[in-house]
Number of protein chains: 2
Amino acid sequence: MKQLVRGERARRVLEAIILEYISGGVPVGSRALAKRYGLNVSPATIRNVMADLEELGLLYQPHTSAGRIPTDLGLRVYIDSILKIKQLSSADRERIRRSYKGGVARVEGLLKETSKVLSSFSKQAGVVLTPRLSLTVFKRIEFVRLRAKMVMTILVSQAGIVHNTIFEIDGDISQEELDKYSRYLNDMLQDLTLHQVKARLLDEMKKEKVLFDRLLSKALELSQKALQENLEDSEIYIEGRTNLLDNPEFADVEQMRRIFNAFEEKSKIIDLLDKSMSAGGVNIFIGSESELLDMGSVSFITSPYTSGDDILGTLGVIGPTRMDYSRIIPLVDYTAKLLSKMLGEAL
Amino acid sequence: MKQLVRGERARRVLEAIILEYISGGVPVGSRALAKRYGLNVSPATIRNVMADLEELGLLYQPHTSAGRIPTDLGLRVYIDSILKIKQLSSADRERIRRSYKGGVARVEGLLKETSKVLSSFSKQAGVVLTPRLSLTVFKRIEFVRLRAKMVMTILVSQAGIVHNTIFEIDGDISQEELDKYSRYLNDMLQDLTLHQVKARLLDEMKKEKVLFDRLLSKALELSQKALQENLEDSEIYIEGRTNLLDNPEFADVEQMRRIFNAFEEKSKIIDLLDKSMSAGGVNIFIGSESELLDMGSVSFITSPYTSGDDILGTLGVIGPTRMDYSRIIPLVDYTAKLLSKMLGEAL
DNA sequence: ATTAGCACTCCTCTCTACGGAGTGCTAAGA
DNA sequence: TCTTAGCACTCCGTAGAGAGGAGTGCTAAT
């Protein structure tokens with residue numbers, strides 16, 4: 001990719017255009033570039049370079065007599081081979097840390113808070129994907145008899161995530177009996193991932209058919225039901241949507257509607273975040289690169305977060321392709337690490 | 001209020017204007033009224049009536065040569081003393097019932113689903129306020145030792161609402177010990193509202209000071225911690241925000257921003273819904289009537305929902321003041337009753 | 001009390017004109 | 001061969017003028 005932009009000067013022009021465009025939001029012309037950035041060449045020369053960059057598909061001209069705008073590809077090249085990502089200043093880190101008020105009362109709350117932090121520091125929308133249950137480690141299961149034939153299962157993972165399911169059972173079961181089940185299961189399933197738990201349960205059920213142990217049988221059946229669903233589901237917390245309204249490129253209502261529709265549907269955003277979960281470190285999707293979402297010129301900057309050694313989910317920032325990547329990339333990176341640390345402490 | 005609009009004809013004109021405005025969205029003039037509604041009078045007469053209604057503050061003229069638009073007060077009069085609220089047709093009821101897919105796997109899910117139902121049937125935004133914990137009836141408490149000194153408390157209410165808190169404790173406590181605590185508490189607190197639970201705990205703590213029972217002491221202390229916060233907090237589920245974008249009156253970006261800001265902040269909306277919780281039946285806030293929210297010309301139609309005899313929360317529809325009240329009022333009413341029934345069955 | 005007629009107001013849409021920004025090209029200079 | 005000054009050209013955005021239309025309020029007649 002780096003080879004696409006041969007000369008040092010071309011690279012500097014591309015950078016200058018992108019910086020200017022990011023801060024200004026309007027097509028940038030040759031004169032402004034020559035003046036403001038110390039390129040020491042005339043506008044005419046810059047125009048020649050620009051024409052070359054346009055031919056390479058890195059720049060784009062909205063109309064004949066307008067300045068240039070970087071294309072998604074242009075931004076990609078810039079991010080991959082020009083931008084030097086700096087660390088967040090320690091003052092910024094401090095400010096981020098402080099903006100988490102109070103302790104970790106609930107994991108949910110922590111995630112939502114994180115999403116808010118991302119949004120307020122990036123001035124864009126912050127997003128956090130909740131942990132996939134199947135990836136978490138089993139800690140505890142409880143059954144609660146809500147009333148005749150109605151049972152609630154509560155599942156707690158090591159990272160402190162709580163999940164409950166209500167379902168109907170055939171015959172009524174007393175709370176004492178349910179407590180026996182859960183004691184039994186809690187012993188058996190310690191330290192397995194929920195994925196493994198599921199397998200283990202199936203396994204035990206086969207054995208049990210031979211043993212005819214009624215206690216086991218019921219316990220296994222109930223826990224199966226609880227695990228049947230939702231193991232692969234994730235939710236997302238999106239905060240700061242309205243920050244996007246401040247970006248002039250989203251001023252027209254049609255564009256807006258598309259973005260907010262995507263926010264409302266969520267499933268596509270979840271898919272995208274999901275995809276970036278396995279890839280370690282900061283991921284960047286620029287505009288059309290995330291084709292499935294027809295959100296127009298929107299970029300995602302994401303990073304997975306962990307608890308201990310387990311990848312739990314993904315967090316990130318959603319903003320216009322015209323975003324201050326140099327600030328937001330380290331922000332997302334640091335926030336992911338910070339959240340991982342906090343989840344590690346809570347666990 | 002009824003006296004404001006003296007004549008029968010004036011009332012009919014007001015009604016006609018509102019109906020026309022609701023369906024069309026543009027100021028309505030005297031000619032269109034005379035033609036379309038069987039008023040059997042000439043436009044000139046209608047103009048006279050309109051002038052009267054305007055003087056009363058029920059109508060409003062955007063500019064000299066425009067037709068009339070009902071004011072918030074006009075809509076209020078219409079809703080209170082002209083509109084006859086019909087029942088939802090049984091076909092509609094059936095369709096609503098069917099749109100709840102599957103059973104009640106989780107209360108949360110059920111509430112979110114309800115919010116979606118409200119939004120899709122109203123073509124506006126649907127909103128559901130989650131139950132205030134303090135109003136719910138205690139069912140069960142569990143303690144889970146996450147790791148040294150870290151304990152999670154899980155609280156289950158009779159209606160199937162689960163709430164968890166993670167906190168740090170001074171000395172480490174084994175899971176076995178924690179189980180003892182919860183067994184003790186579960187016996188003690190059965191069938192109290194969480195509000196009462198809190199009082200009861202304080203009570204017991206006083207007694208315990210005399211008895212010096214270490215088990216009691218610890219158990220009480222932990223549960224106190226868990227209940228310390230969040231009892232009064234509510235969340236809301238808002239679905240179908242983008243439906244509001246289809247309303248022409250929200251076409252301009254500034255108006256939009258205000259509404260979405262309110263959605264983002266939530267706390268003010270929660271306050272409003274909270275207020276309408278105690279008042280039974282369907283509540284309506286028209287535009288400026290809910291002053292605290294500067295959402296512009298937005299109306300709320302809300303109704304509390306229950307589980308058994310307890311009021312749990314509020315649900316409703318948010319839309320432009322220009323909304324089809326005759327359809328949406330019974331929709332909200334029915335949905336609230338349906339949700340109450342479903343929660344009653346699950347509990 | 002109602003209504004036909006009419007002058008008047010104000011909005012909205014379209015068309016045109018014009019200044020400005022930025023380009024590409026050409027030809028001259030280093 | 002690369003750079004640059006100069007220039008004609010293109011296209012956007014805005015402002016202003018004018019026409020058409022919808023709707024009103026008033027007056028006078030029924």
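Naming: A, B, ... by sequence-line order, numbering from 1 per chain. What you see is a predicted model, and the numbers here were worked out from it, not measured in a lab.
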Tell me: [atom1] of [X] to [atom2] of [N], nearest whole Å?
X: B:Arg68; N: D:dT24; atom1: CZ; atom2: C1'; answer: 7 Å
X: A:Asn48; N: D:dT3; atom1: CG; atom2: P; answer: 8 Å
X: B:Ile69; N: D:dT24; atom1: CD1; atom2: C1'; answer: 15 Å
X: A:Glu54; N: C:dT23; atom1: CD; atom2: P; answer: 10 Å
X: A:Arg47; N: D:dC2; atom1: CZ; atom2: C1'; answer: 16 Å
X: B:Ile46; N: C:dA1; atom1: CD1; atom2: P; answer: 18 Å
X: A:Lys35; N: C:dG22; atom1: NZ; atom2: P; answer: 9 Å
X: B:Asp52; N: D:dG25; atom1: CG; atom2: P; answer: 11 Å

For this session: Map B:Pro62 and B:Val41 onto DNA chain C by nearest heavy atom, then report which one ends up closer to the 5' terminus.
Result: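 Nearer the 5' end of the strand: B:Val41.
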For this session: Salt-bridge test for A:Lys275 and A:Asp271: reply yes if a basic N is under 4.0 Å from a carboxylate O, no otherwise.
Result: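 Between A:Asp271 and A:Lys275 there is no salt bridge, as every charged N stays at least 4.0 Å from the carboxylate O atoms.
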Exercise. Could one point to a donor on the side chain of A:Ser65 or the base of C:dT23 with an acceptor on the other under 3.5 Å away?
Worked result: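 A donor-acceptor contact between them is absent.
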Considering just the side-chain nitrogens and oxygens of [X], establish if one lies under 4.0 Å of OP1 or OP2 belonging to [N].
X: A:Arg9; N: D:dC2; answer: no
X: A:Thr45; N: D:dT4; answer: yes
X: B:Ser30; N: D:dT24; answer: yes
X: B:Ser42; N: C:dT3; answer: yes

For this session: Test side-chain hydrogen bond (donor to acceptor under 3.5 Å, both in side chains) on B:Asp333 and B:Gln87 and set out the steps.
Result: CA-CA 9 Å; B:Asp333 189 41; B:Gln87 289 282 326; 5.5 Å; no
Exercise. Of all the choices, D:dC11, D:dT4, C:dT3, which nucleotide is nearest to the side chain of B:Ala44 once you look at every atom?
Worked result: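 The nucleotide sitting nearest to the side chain is C:dT3.
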Exercise. Nearest to the side chain of A:His63 - C:dT2, D:dT4, D:dC12?
Worked result: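 In terms of side-chain proximity for A:His63, the closest of C:dT2, D:dT4, D:dC12 is D:dC12.
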Exercise. Closest approach of B:Ile69 and B:Pro62, non-hydrogen atoms and distance?
Worked result: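 What the structure gives for the nearest pair is CD1-CG, 3.9 Å.
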For this session: Check whether the side chains of B:Thr302 and B:Asn283 place a donor and an acceptor atom closer than 3.5 Å, and report yes or no.
Result: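 Per modelled atom types, B:Thr302 and B:Asn283 side chains form no pair under 3.5 Å.
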Exercise. Do B:Tyr325 and B:Tyr78 make the cut of ring centroids closer than 6.0 angstrom?
Worked result: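 No; B:Tyr78 has its ring centre 6.0 Å or more from that of B:Tyr325.
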